2 protein chains.
Amino acid sequence: MKLDPISSCAACPIRHRAVCAECDARELALLAEIKSYRTFPAGAPLAAAGESLDHFSSIVAGCATMSRTLEDGRRQTVGLLMPSDYIGRPGRATSPFDVEALSEVTVCRFERRAFEKLVRELPHIASRLLTMTLDELDAARDWAVVLGRMTAREKIAAFLVSLARRQAVIEERDGPVGAVALHLPLSREAMADHLGLTIETTSRQITALRKDGLIEVPGKREIVIPDFEALALETGDDGDGGVIA
Amino acid sequence: MKLDPISSCAACPIRHRAVCAECDARELALLAEIKSYRTFPAGAPLAAAGESLDHFSSIVAGCATMSRTLEDGRRQTVGLLMPSDYIGRPGRATSPFDVEALSEVTVCRFERRAFEKLVRELPHIASRLLTMTLDELDAARDWAVVLGRMTAREKIAAFLVSLARRQAVIEERDGPVGAVALHLPLSREAMADHLGLTIETTSRQITALRKDGLIEVPGKREIVIPDFEALALETGDDGDGGVIA
DNA sequence: CGTCTTCTTGAAGAAGGTCAATCCTCGTGG
DNA sequence: CCACGAGGATTGACCTTCTTCAAGAAGACG
């Protein structure tokens, strides 16, 4: 997906969910002056743990992982970045995690210093950034429950349920009910890293869910959930604490 | 620990780290008008998942856990709240998690509506809240690495290392080096819930670390780390991505 | 001094990891 | 058009780690 570098924010697919969501026309004009688009191919690094990160970027299109790799090679993905999610933060010049494009990724970005100035001077930016960060914090804590206490089967189910919910938001549909088709933006290996499992266990549990009729697997990167509520029951979580993301 | 309800913010132990840290004298006076202190005994619930939460509270003294319990009783702690940490958020009337006092806890709190007004009208509050939330998000993501990829032994080591670091911050000392004494604010069960382990595995790994000379255990709630760096090496993380909290 | 709670230790079992072989699927080139 | 090869995915066999179930020790407290 290519975007015209000077295209209007009005046509931006993440206009109403990204860090600019609360901005008015005047503020958007200020942003447009200093924003720039950049596209990365699948597999490209968008940031590296411990390295400098000079921009604050919002994902416009595509999908990326945020992860850390331990000295001996064990990797844990700590966030799956989808359109409207951001990379970087005001007040810090290095990234604590690796960020890697899963598919071709287009970002809308600001030079760090300039963005810090925006956060200081435009309350609509600061306010939206706070809301998004609080939401991300809740999501990260929800994910800790998945990583710490769920079985392999439940982890797979929880991941598919959360992915279906996020795709619904991105495509501006209602929350998933009944039968849902899902495209997986990750390989089995990336899923395993996200779930704290091995690739073999991930594969086996997908097969098990398929044999139990809870999912169909028409292609390696395609999942059909015939009954969303039934799959959600497999997570062991009654969901009263908020949406898992 | 009891605090005078009308005591001056100037003498507050979390004055320079809490959500009010960036406020000037004039702003503190505004806060003082609407703040109230409340103390909870050990074991008391400060919030319940799915229930309404009418205040934004900062922990002044004591320690609490933030957790979720699955339908079948499995529990995962998603955050260990220490002085200066906050409970609640602007724009949301219910808590996504249970919050429970581990020791006697004193909080400084604001009625939710009043706090939302503060966030809107005092940029120093909004800015500090954003910084704290971004830090919490990094910490939650760091913890995901512990939960998802570390062994039981590494989890215990990572927890003790992170606790030592946080205690140093709270007591306004330098970061831990060499020999460090540590008071555990949690029971073995609470530690297990935090680490995604059983209480038995937690106990066994503490014993193993003791037998290996990496820690001493003078009391059930007391740990001495004779060589902080040696224990940090047991976490398998080289720490280049930021402090684990 | 008993009783309750918390912690520790032991033995057995299960879940998931490791190692290894095989299978797709798709792109390439003969 | 079809054989070949490479990368990812699946499956199988075995093994390690952690959990489960059970019993006992150590404090804390009336």
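Below, chains carry the letters A, B, ... as their sequence lines are ordered, and counting in each starts from 1. Quick caveat, the model's predicted, so the values are computed rather than measured.
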Side-chain touch B:Pro176/B:Arg165, heavy atoms, less than 4.5 angstrom: yes

Protein and nucleotides 7-11 of chain D: nitrogen or oxygen contacts under 3.5 angstrom:
| unit_1 | atom_1 | unit_2 | atom_2 | d |
| --- | --- | --- | --- | --- |
| D:dA9 | OP1 | A:Arg188 | N | 3.3 |
| D:dA9 | OP2 | A:Arg188 | N | 3.2 |
| D:dT10 | OP1 | A:Arg188 | NH2 | 3.2 |
| D:dT10 | OP2 | A:Arg188 | NE | 2.7 |
| D:dT10 | OP2 | A:Ser203 | OG | 2.9 |
| D:dT10 | O5' | A:Ser203 | OG | 3.1 |
| D:dT11 | OP2 | A:Thr207 | OG1 | 2.6 |

Sugar-phosphate, base or nothing in reach of B:Gly219, heavy atoms under 4.0 Å: nothing

Protein-nucleotide distance (A:Leu147, atom CG; C:dA15, atom C1'), rounded to Å: 17 Å

Length of the CG-P vector between A:Asp72 and C:dT18, whole Å: 10 Å

Integer-rounded Å distance: C:dG17 C1' and B:Arg149 CZ: 10 Å

Salt bridge (charged side-chain N to carboxylate O under 4.0 Å, His left out) evaluation trace for A:Asp98 with A:Arg75: CA-CA 10 Å; A:Asp98 297 308; A:Arg75 176 160 55 189; over 6 Å; no

Under 3.5 Å donor-acceptor, A:Gln76 side chain and A:His194 backbone: yes

Worked check of salt bridge (charged side-chain N to carboxylate O under 4.0 Å, His left out) between A:Arg149 and B:Asp72: CA-CA 11 Å; A:Arg149 287 300 186 199; B:Asp72 60 3; over 6 Å; no

Between C:dC7 (P) and B:Asp193 (CG): distance, integer Å: 12 Å

Integer-rounded Å distance: C:dA15 P and A:Leu195 CG: 18 Å

A:Lys155 NZ to C:dG16 P, straight-line distance once rounded to whole Å: 8 Å

B:Glu189, CD: over 12 other non-hydrogen atoms inside 6.0 angstrom: no

Rounded distance in Å - CG (B:Leu197) to C1' (D:dT20): 14 Å

Donor-acceptor pair, side chain of A:Glu222 and main chain of A:Leu184, under 3.5 angstrom: no

Separation of atom CD in B:Gln205 from atom P in C:dT8, rounded to whole Å: 12 Å

